[in-house]
Amino acid sequence: AAQAAAAAATAGPDSPEPAVAASTTPTMSPEAADLCRLPLPLQLRLAQAEYNARHPRAIPPHLALRDWMALALSLLRNPWDTERYERGGHRREGDGYRREVLEKMIARCVEASEPFGRFGKAECFFYPAEDGDRSGKGLGERKRRKVEFGEGGSGGGSGSPFLEVARAFAGLRATLELEGERKYAPPPAISFGDAVPGMATPVGGGIE
């Protein structure tokens, strides 16, 4: 930089202008830009769930379930700010068009459950049999884990964690089906008026 400044200072009025170095700043991908528009807690929950999915042998299933449910419930229960989170900067809440970023986040959430068998294994909800026990205890004789899914989630009770997980998967599937029925939004250069008739938008990100 000092050499360039010196050269510019000594150059005469007829000297050719120095070439401007091309910018080396990497361009952010659309997917990365989508993440940057989301709230930081949601970004962190997604990152944790996907990290667990990449290391299924190192992460205990019940801990992976806890992290995954934090992500799933966040997508389902927190309001989805269409104007801020969707691409283009031209969207409005309740415009009736497909929320593509929400779709992608839900798809990534569901995908993060796959390495753990969608949390259908007993290890997610029960402690393993005691060391040295060869009797093949049934699940009814094994100690149940205290499974908690944060505010509004289950803190125990007969079958309640199973129900919470089943409801989360059902809500995610229902939201994907709802978004799949919507039309894609016009590009930012095209202004659209009223919402698409018959396409009501739920208050939250999905359906419980």
Side-chain angles (χ1 to χ4, degrees), residues 26-56 59 61-120 124 148-154 161 163-188 192 195-196 199-208:
T27 303
M28 183 180 296
S29 68
E31 291 74 19
D34 290 342
L35 283 177
C36 289
R37 290 192 300 273
L38 301 179
L40 182 58
L42 181 55
Q43 295 182 40
L44 295 176
R45 287 171 183 146
L46 176 63
Q48 184 64 60
E50 292 187 329
Y51 174 86
N52 295 344
R54 291 194 299 270
H55 305 86
I59 308 299
H62 67 284
L63 296 182
L65 172 59
R66 177 201 63 190
D67 295 336
W68 184 85
M69 281 293 288
L71 172 62
L73 295 181
S74 180
L75 289 169
L76 288 169
R77 295 179 176 176
N78 294 337
W80 185 261
D81 192 332
T82 302
E83 185 174 351
R84 289 180 56 194
Y85 302 162
E86 294 296 326
R87 296 181 183 180
H90 65 304
R91 300 290 302 276
R92 295 199 308 269
E93 187 67 29
D95 60 23
Y97 290 97
R98 182 176 297 193
R99 297 174 291 181
E100 297 178 64
V101 176
L102 175 59
E103 271 189 304
K104 292 178 181 179
M105 293 302 108
I106 291 179
R108 291 173 67 170
C109 177
V110 173
E111 185 178 353
S113 72
E114 297 293 347
F116 298 96
R118 297 200 173 190
F119 305 108
C124 297
E148 295 183 346
F149 299 135
E151 184 178 357
S154 296
L163 179 60
E164 287 286 338
V165 174
R167 289 181 64 192
F169 276 109
L172 295 174
R173 287 194 298 269
T175 304
L176 286 177
E177 291 175 2
L178 175 64
E179 296 302 321
E181 295 174 356
R182 300 175 186 268
K183 295 181 179 180
Y184 288 101
F192 45 81
V196 176
M199 286 291 190
T201 301
V203 175
I207 300 173
E208 290 192 67

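This is a predicted model, so every value here is computed, not measured.
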How long is the gap from [atom1] on [X] to [atom2] on [Y], to the nearest 0.5 Å?
| X | Y | atom1 | atom2 | answer |
| --- | --- | --- | --- | --- |
| L44 | D67 | CG | CG | 11.5 Å |
| L73 | R167 | CG | CZ | 9.0 Å |
| E177 | E179 | CD | CD | 11.5 Å |
| L65 | N52 | CG | CG | 10.5 Å |
| L76 | I106 | CG | CD1 | 6.5 Å |
| S74 | L42 | OG | CG | 4.5 Å |

_Note: R108-E111 ion pair, threshold 4.0 Å (strictly below)_ =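 Looking at E111 together with R108, the answer is no, because their closest N to O distance does not fall below 4.0 Å.
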
*Considering only NZ, NE, NH1 and NH2 on the basic side and carboxylate oxygens on the acidic side, decide whether D34 and R87 come within less than 4.0 Å.*
yes

*So does E83 have more than 12 non-hydrogen atoms from other groups sitting under 6.0 Å from CD?*
no

*asked:* Does R37, at its CZ atom, have more than 12 non-hydrogen atoms belonging to other residues, nucleotides or ligands within less than 6.0 Å?
replied: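 Buried by this count: over 12 neighbours within 6.0 Å.
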
Has the side chain of [X] got a donor or acceptor atom that lies under 3.5 Å from a matching backbone atom of [Y]?
| X | Y | value |
| --- | --- | --- |
| Q43 | L35 | yes |
| W68 | A112 | no |
| E100 | Y184 | no |
| T175 | G171 | yes |
| H90 | A185 | no |

_Looking only at side-chain N and O atoms, does W80 offer a donor or acceptor that is under 3.5 Å from a partner on E86?_
yes

*asked:* For F116 versus A64, what's the shortest heavy-atom pair and its separation?
replied: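 Heavy atoms only, the tightest pair is CZ-CB, 3.5 Å.
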
_Stepwise side-chain contact (heavy atoms from CB on, under 4.5 Å) check, Y97 with R182_ = CA-CA 6 Å; Y97 290 97; R182 300 175 186 268; 5.8 Å; no

*Can you find a pair of side-chain heavy atoms, one from R45 and one from L75, that are under 4.5 Å apart?*
no

*Determine whether S113 and F169 make a side-chain contact, defined as any pair of heavy atoms from C-beta on separated by less than 4.5 Å.*
yes

*Taking it one step at a time, do L172 and C109 satisfy side-chain contact (heavy atoms from CB on, under 4.5 Å)?*
CA-CA 9 Å; L172 295 174; C109 177; 4.0 Å; yes

*Using the side-chain contact (heavy atoms from CB on, under 4.5 Å) rule, take M105 and L71 through it: C-alpha gap first, then chi angles, then the decisive distance, then the call.*
CA-CA 10 Å; M105 293 302 108; L71 172 62; over 6 Å; no

*asked:* Using the side-chain hydrogen bond (donor to acceptor under 3.5 Å, both in side chains) definition, which of the options R99, R91, R92, R98 pairs with D95?
replied: R91

